[in-house]
Number of protein chains: 2
Amino acid sequence: MRRPTLEAVAARAGVSRATASRVVNGQTTVAPHIRDAVLRAIDELGYVPNSAARSLVTQRTDSIALVISEPGTRVFSDDPWFAMAIRSASMELEEANKQVVLMMASNAKSHARVERYIAGGHVDGVMLISMHGADPLPAALSRLRVPVVSYGRPAVPVDIPYVDNDNVGGAEAGVKHLVESGRRRIATIAGPQDMIAGQDRLTGYRNVLRDSDLRSIVAVGDFTRESGAVAMRQLLGDDPSLDAVFVANDLMAIGALQSLRQAGRRVPDDVAVVGFDDIEAAKYTEPPLTTLRHPVIEQAAAMVRLLLGLFEGEPADPMILPTELVIRESA
Amino acid sequence: MRRPTLEAVAARAGVSRATASRVVNGQTTVAPHIRDAVLRAIDELGYVPNSAARSLVTQRTDSIALVISEPGTRVFSDDPWFAMAIRSASMELEEANKQVVLMMASNAKSHARVERYIAGGHVDGVMLISMHGADPLPAALSRLRVPVVSYGRPAVPVDIPYVDNDNVGGAEAGVKHLVESGRRRIATIAGPQDMIAGQDRLTGYRNVLRDSDLRSIVAVGDFTRESGAVAMRQLLGDDPSLDAVFVANDLMAIGALQSLRQAGRRVPDDVAVVGFDDIEAAKYTEPPLTTLRHPVIEQAAAMVRLLLGLFEGEPADPMILPTELVIRESA
DNA sequence: ATTGGATGAGAGAGCGCTCTCTCAAGAGAT
DNA sequence: ATCTCTTGAGAGAGCGCTCTCTCATCCAAT
């Protein structure tokens with residue numbers, strides 16, 4: 001009752017194992033009638049190649065690790081971002097007939113696990129999703145001589161090609177929009193400063209304010225709704241006269257909207273709000289959120305292509321994808 | 001420059017390959033000093049076992065397929081649900097030293113792919129996330145003689161153990177809450193009726209209304225915000241005097257809140273709203289949403305334990321986890 | 001001193017596949 | 001008719017590991 005082997009197929013088709021293998025692997029040097037006989041045998045026996053045996057000899061596994069290097073709690077908390085990236089990357093990889101092995105690297109223990117696994121040659125390549133500056137994983141993986149690409153620019157300069165969106169440029173566009181609509185006291189709720197996206201979006205904010213010599217007012221959150229609400233209350237306390245806030249992601253912007261509502265401020269009349277990410281929920285806030293859209297789906301797909309290109313020996317240059325200001329009612 | 005093999009380790013430690021294998025696999029029949037010598041060799045060479053070779057002989061792969069059988073667009077759209085389930089299951093499996101192979105079965109083509117892959121013996125077991133009644137995959141997989149567990153009760157009665165939450169009971173509790181707070185015209189926005197969760201939650205609603213002889217008013221959505229908004233407008237048109245609505249999930253409830261706001265109805269004064277799922281966003285709506293919490297994380301973890309139990313030959317009984325009414329301001 | 005277990009370690013088969021090497025057969029050129 | 005060249009198919013090694021079988025060694029019991 002075990003699964004049929006290539007040997008069995010060959011026997012049934014009356015050919016050698018080598019010939020059966022040729023047919024399975026689509027080589028053209030097989031005469032049509034023999035080819036048909038083998039295919040019939042495969043069909044009749046329900047033969048499926050044993051991948052362990054195959055990858056033992058080919059040294060390929062046709063699978064790719066998708067490593068998510070974040071504290072587990074944050075990963076999927078509520079930010080649709082990760083999920084979309086995973087879905088997109090995963091579908092793109094399936095298209096290329098690669099298996100996706102999902103790995104969470106949430107702490108030192110799992111980091112070690114991941115490294116061991118990758119070092120063990122279980123996968124042909126690695127897609128790394130890591131947004132933390134202090135993350136040792138990008139450096140560790142780049143030492144492993146396995147093709148690695150990263151979603152998001154690695155904080156430490158390390159020789160890994162990556163795909164990222166233009167956080168600085170996006171933030172600049174958002175803040176400029178506020179300046180141009182006449183706002184004078186523009187605060188920001190920045191993201192965590194140990195994350196590249198958090199840093200870059202703050203940089204964008206600062207760039208614009210510097211040029212227009214407005215004063216910067218900064219509170220820092222951690223990309224969760226709750227932290228956005230807290231930061232907004234703090235900003236209102238610091239400077240009750242603020243008339244706009246650029247929030248480093250939509251989730252925090254949603255929290256900020258709640259605090260503004262509780263403080264009796266009308267949006268956008270009293271305070272304009274601009275978010276970042278354009279998550280689905282941004283359309284359903286009260287009022288709907290003006291925000292910066294970046295193409296997560298395309299970005300993940302681009303990352304996959306980058307990795308597949310690496311296999312082909314193509315040069316791997318980082319890609320920066322543009323963001324787009326989506327104007328709704330909040331600013 | 002290839003990876004060291006067990007042979008190399010054995011040679012360096014001055015023992016046979018068999019003994020080295022014993023040490024690697026933690027067998028106790030090895031004398032301590034020999035054991036140490038082997039471990040030292042492993043360390044010095046940076047030896048990592050080749051999993052292809054290992055699973056070729058052991059017939060185990062130590063990996064589990066996590067199959068998501070949904071149209072791709074819906075999967076991660078914005079519902080945090082899938083993502084949480086994946087994260088939880090994935091972490092639980094890593095704990096048990098199993099690899100997670102993520103597979104999207106979004107159409108007929110990928111269904112075939114998944115079946116082939118599973119049939120190919122690439123994985124030791126399957127965790128299936130499928131919420132669609134018409135899905136042929138549960139039946140197909142159960143034929144494959146591979147241990148399979150399902151997240152959510154399979155629509156077709158098929159011999160697969162599953163973990164689900166008490167959708168009927170939860171809906172009953174939600175609607176009862178509305179009845180008990182004096183609401184008389186209680187509508188519902190049901191989920192898609194080709195999904196078990198959609199059906200069961202509607203059943204719960206009907207059960208309660210039947211007992212309290214109130215009239216049922218039903219609109220059907222597809223679990224997205226947008227469909228919730230549309231359904232709510234429709235309900236208001238059908239019966240302008242409705243004073244409560246039980247919505248089959250929070251995402252649709254958010255859409256419904258938006259429509260109610262646009263129609264000038266106050267929540268909960270004019271219309272009470274109860275959702276289902278208790279997603280994070282439910283806390284941040286205006287007003288915060290009364291809803292039914294079900295423990296996605298625990299549910300996914302339970303599913304993993306169910307599967308691991310199957311490997312040990314334990315009996316696999318379906319599990320139904322209870323839901324909890326979370327009362328906030330919307331009802 | 002002889003026997004009889006334990007105990008620890010090695011030899012070697014074999015998991016299912018790919019791929020190189022070899023060779024047979026037929027086609028075309030001389 | 002002979003030789004070369006192409007084409008198609010088989011033989012067999014070997015990928016890295018596990019695991020059974022076998023055997024050597026040591027110690028206690030006779």
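The figures here come from the full heavy-atom set of this structure, side chains too, leaving out hydrogens, waters and symmetry mates. Numbers restart at 1 for each chain; the letters A, B, ... are given by sequence-line order, proteins then strands.
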Expressed as a whole number of angstroms, how long is the span from B/L6:CG to D/dC19:C1'? 13 Å

Tell me which nucleotide among D/dT20, C/dG16, D/dC17 gets nearest to the side chain of B/V57. D/dC17

What does B/V30 touch in the nucleic acid at a heavy-atom separation under 4.0 angstrom: a base, only the sugar-phosphate, or nothing? sugar-phosphate

What pair of heavy atoms forms the shortest contact from A/I118 to A/A65, and how long is it? CD1-CB, 3.9 Å

Within this structure, what is the CG-to-P distance between A/N25 and C/dG16, rounded to whole angstrom? 17 Å

Salt bridge or not between A/E95 and B/R113? Use side-chain N to carboxylate O under 4.0 Å. no

Are any of B/T58's side-chain N or O atoms less than 4.0 Å away from OP1 or OP2 of D/dT18? no

Classify the side chain of B/R3 and the base of D/dG16 as holding, or not holding, a donor-acceptor pair under 3.5 Å. no

CG of B/L56 versus C1' of D/dG16: gap in Å, rounded? 9 Å

No-H, no-angle donor-acceptor pair, B/R35 side chain to C/dG8 base, under 3.5 Å: no

Here the pair of heavy atoms bringing B/L137 nearest to B/A105 is CD2-CB, 4.0 Å

Atom NE2 of A/H33 and atom C1' of D/dA9: how far apart are they, to the nearest Å? 11 Å

Is the shortest side-chain N/O distance from B/N50 to OP1 or OP2 of D/dC15 below 4.0 Å? no

Heavy atoms from other residues, nucleotides or ligands near CG of A/D36 exceed 12 (cutoff 6.0 Å): yes

Below the 4.0 Å mark, does C/dA9 have OP1 or OP2 next to a side-chain nitrogen or oxygen of B/S16? no

Between A/V148 and A/S142, is there a side-chain heavy-atom distance shorter than 4.5 Å? no

By the 4.0 Å heavy-atom rule, please label A/V24 as base, sugar-phosphate, or nothing. nothing

Per nearest nucleotide of DNA chain C, the residue lying toward the 5' end, A/Y47 or B/G14, is B/G14

Closest to the B/A18 side chain: C/dA11, D/dG16, D/dG10? C/dA11

What is the separation between atom CD on B/E7 and atom P on C/dA13, rounded to the nearest whole Å? 15 Å

Could you tell me whether A/A31 contacts a base, only the sugar-phosphate backbone, or nothing, with contacts defined as non-hydrogen atoms closer than 4.0 Å? sugar-phosphate

Taking CZ from A/R17 and C1' from C/dT20, how many angstroms apart are they, rounded to a whole number? 13 Å

Is there a side-chain polar atom (N or O) of A/S21 under 4.0 Å from OP1 or OP2 of C/dT18? yes

From the options C/dC15, D/dG16, C/dT18, select the nucleotide whose nearest atom is closest to the side chain of B/Q59. C/dC15

A/D62 pairs by side-chain contact (heavy atoms from CB on, under 4.5 Å) with which of A/L93, A/D124, A/V123? A/D124

How long is the line joining CZ of A/R60 and P of C/dG16, in whole Å? 20 Å

Please state how far atom CD in B/Q27 lies from atom C1' in D/dT20, giving the value in whole angstrom units. 11 Å

